[in-house]
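A short worksheet on the structure shown next.
We count residues from 1, following the sequence as given. Atoms within a ligand are numbered from 1 in the order they appear, just like the ligands themselves. Note that the structure is predicted; figures quoted are calculated from it, not measured.
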Amino acid sequence: MAPPTHFKLNNGSQIPAVGLGTWRSEPGQVRQAVSFALKNGYSHIDAALIYGNEHEVGQGIKDSGVPRENIFITSKLWNTHQPNVAEGLQKTLDAFGTDYLDLYLIHWPVRLVPNESSDLLPVNPDGTRSVDRSWDQSETWRQMEEVYKAGKVKAIGVANWSIPYLEELKKKWTVVPAVNQVELHPFLPQHALKEWCDKHGILLEAYSPLGSQGAPLMSDPVIQEIANKNNISAATVLISYHINRGVVVLPKSITENRIISNGQVVALPDEDMKVLNGLAAQGKAKRINTPLFGWDLGFDDWYKQ
Ligand SMILES: NC(=O)c1ccc[n+]([C@@H]2O[C@H](COP(=O)([O-])OP(=O)(O)OC[C@H]3O[C@@H](n4cnc5c(N)ncnc54)[C@H](OP(=O)(O)O)[C@@H]3O)[C@@H](O)[C@H]2O)c1
């Protein structure tokens with residue numbers, strides 16, 4: 001059976017199963033990449049204010065000529081805007097030149113306090129991040145619910161939330177997050193987090209599916225073997241893996257032929273899914289992104305697998 005092209009969110013709307021990532025897509029490259037992707041089968045763009053390129057992403061969207069209503073746009077509330085969600089959201093809407101988002105996520109369950117060192121990535125005099133640990137994430141979520149109810153975003157969710165953070169939020173939420181976007185790949189399958197999110201109707205989204213910059217996971221021998229066996233590329237294995245397990249995937253590329261090939265998803269045989277799902281437990285557990293704010297964020301106990 002062909003893999004699904006869309007998944008259903010808990011608010012009833014549809015989300016395209018593959019989205020184009022835009023982290024580290026430089027201004028000057030991302031405009032063309034977004035426009036090219038939208039003209040070649042993509043209808044989902046994953047962006048964030050902290051990526052510093054939302055204006056160019058917006059230009060790429062316009063260049064494509066694809067009507068706004070045919071595009072699913074996600075962005076993320078940056079940590080320094082947690083006390084004022086509407087203000088953070090407005091910056092993103094202005095950068096895109098649109099009046100709504102399809103999905104808005106809290107980027108990290110962490111508030112950063114801006115100071116003279118930086119508006120977006122502030123540090124304390126000793127060089128540590130200027131984190132406000134006392135900030136109540138349920139207040140940020142309450143404001144997310146407000147912009148959702150006001151119709152400025154069609155769905156709301158979180159990113160980098162591990163089970164303990166979600167359990168805490170659950171005590172206060174009136175709108176269940178539609179999505180949790182986390183690092184996911186065969187070396188970090190996060191089975192416990194997936195089970196928790198499935199149980200609560202929260203769709204997982206996989207970031208860094210190729211292992212992030214330089215796509216290092218593509219050279220793993222087991223991934224290569226599965227690719228050869230199925231006559232597909234290692235990238236297609238790593239991307240298809242998620243859709244075969246019911247997870248949205250967000251490969252990033254600014255390279256035209258890769259943008260096209262990353263959109264081609266296949267059904268993987270059960271035996272290969274079993275191998276991919278078991279790699280971390282067999283000693284390959286690996287987390288690529290080191291969060292700047294704490295080790296417990298967005299990850300289940302991968303190191304114990
Ligand atoms: N919520 C969060 O905290 C968070 C964190 C990380 C990422 N994300 C999202 O997830 C997206 C994807 O993650 P990511 O950017 O970390 O990494 P990724 O998608 O795993 O990998 C991107 C890297 O792989 C290369 N690449 C792409 N397709 C390839 C192919 N077919 N063959 C060989 N190399 C290929 C890209 O190079 P070229 O671009 O040069 O082609 C780039 O260097 C991000 O862009 C962002 O939208 C979210």
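- Under the 30°/60° scheme for interplanar angles, the aromatic rings of His200 and Trp196 are found to lie parallel.
- Side-chain contact, Glu168 with Ser138: no donor N or O sits under 3.5 Å from an acceptor N or O.
- Close N/O approach between Asn289 and ligand 1 is not found [any backbone or side-chain N/O within under 3.5 Å].
- Across every non-hydrogen atom of Ile202 and Val179, the tightest pair is CG2-C, 3.6 Å.
- Protein heavy atom in closest approach to atom 45 (O) of ligand 1: Trp23 N, 2.9 Å.
- The distance from ligand 1 to the heavy atoms of Thr255 drops below 4.0 Å at these ligand atoms: 38 (P), 40 (O), 41 (O).
- Near Gln181, with a cut-off below 4.0 Å to any heavy atom, the atoms of ligand 1 are 1 (N), 2 (C), 4 (C), 8 (N), 9 (C), 48 (C).
- Residues Leu101 and Val66 share a hydrophobic cluster, clusters being chains of Ile/Leu/Val/Met/Phe/Trp/Tyr side chains in contact below 4.5 Å.
- Annotation: cation-pi geometry satisfied between Arg68 and Tyr100 (NZ/CZ under 6.0 angstrom from ring centroid, within 45° of ring axis).
- Residue-level proximity to ligand 1 for Met218 is carried by the side chain, the only part with a heavy atom below 4.0 angstrom.
- Close approach of ligand 1 to Ala235 (heavy-atom distance below 4.0 Å) involves ligand atoms 31 (N).
- Using modelled atom types and a 3.5 Å distance limit, the side chains of Tyr207 and Asp46 yield no donor-acceptor pair.
- Protein heavy atom closest to atom 47 (O) of ligand 1, with residue, atom name and distance, is Asp46 OD2, 2.7 Å.
- Less than 4.0 angstrom separates some heavy atom of Pro251 from each of these atoms of ligand 1: 19 (O).
- Among all protein heavy atoms, the one lying closest to atom 15 (O) of ligand 1 is Lys252 CB, 3.4 Å.
- Of the protein's non-hydrogen atoms, the one nearest atom 12 (C) of ligand 1 is Leu250 O, 2.8 Å.
- From the protein, the heavy atom lying nearest to atom 43 (O) of ligand 1 is Gly214 N, 3.0 Å.
- Among the candidates Gln143, Gln137, Glu139, His107, the single residue satisfying the side-chain hydrogen bond (donor to acceptor under 3.5 Å, both in side chains) test with Gln82 is Gln137.
- Heavy-atom contacts from other residues, nucleotides or ligands closer than 6.0 Å to NZ of Lys149 number more than 12.
- With atom 35 (C) of ligand 1 as the reference point, the heavy atom nearest to it among Arg258, Gln264, Gln213 is part of Arg258.
- Listed by number with element, the atoms of ligand 1 under 4.0 Å from a non-hydrogen atom of Gly211 are 20 (O).
- Donor-acceptor pairing under 3.5 Å is recorded for the side chains of Thr236 and Ser233.
- The residue among Ile259, Val182, Asn160 with a heavy atom at the shortest distance from atom 3 (O) of ligand 1 is Asn160.
- Every atom of ligand 1 is numbered from 1 in the order shown, and the set under 4.0 Å from a heavy atom of His107 is 1 (N), 2 (C), 3 (O).
- Any N or O atom pair closer than 3.5 Å counts here, and Ala159 shares no such pair with ligand 1.
- If you check the side chains of Ser240 and Asn244, you find no donor sitting under 3.5 Å from an acceptor.
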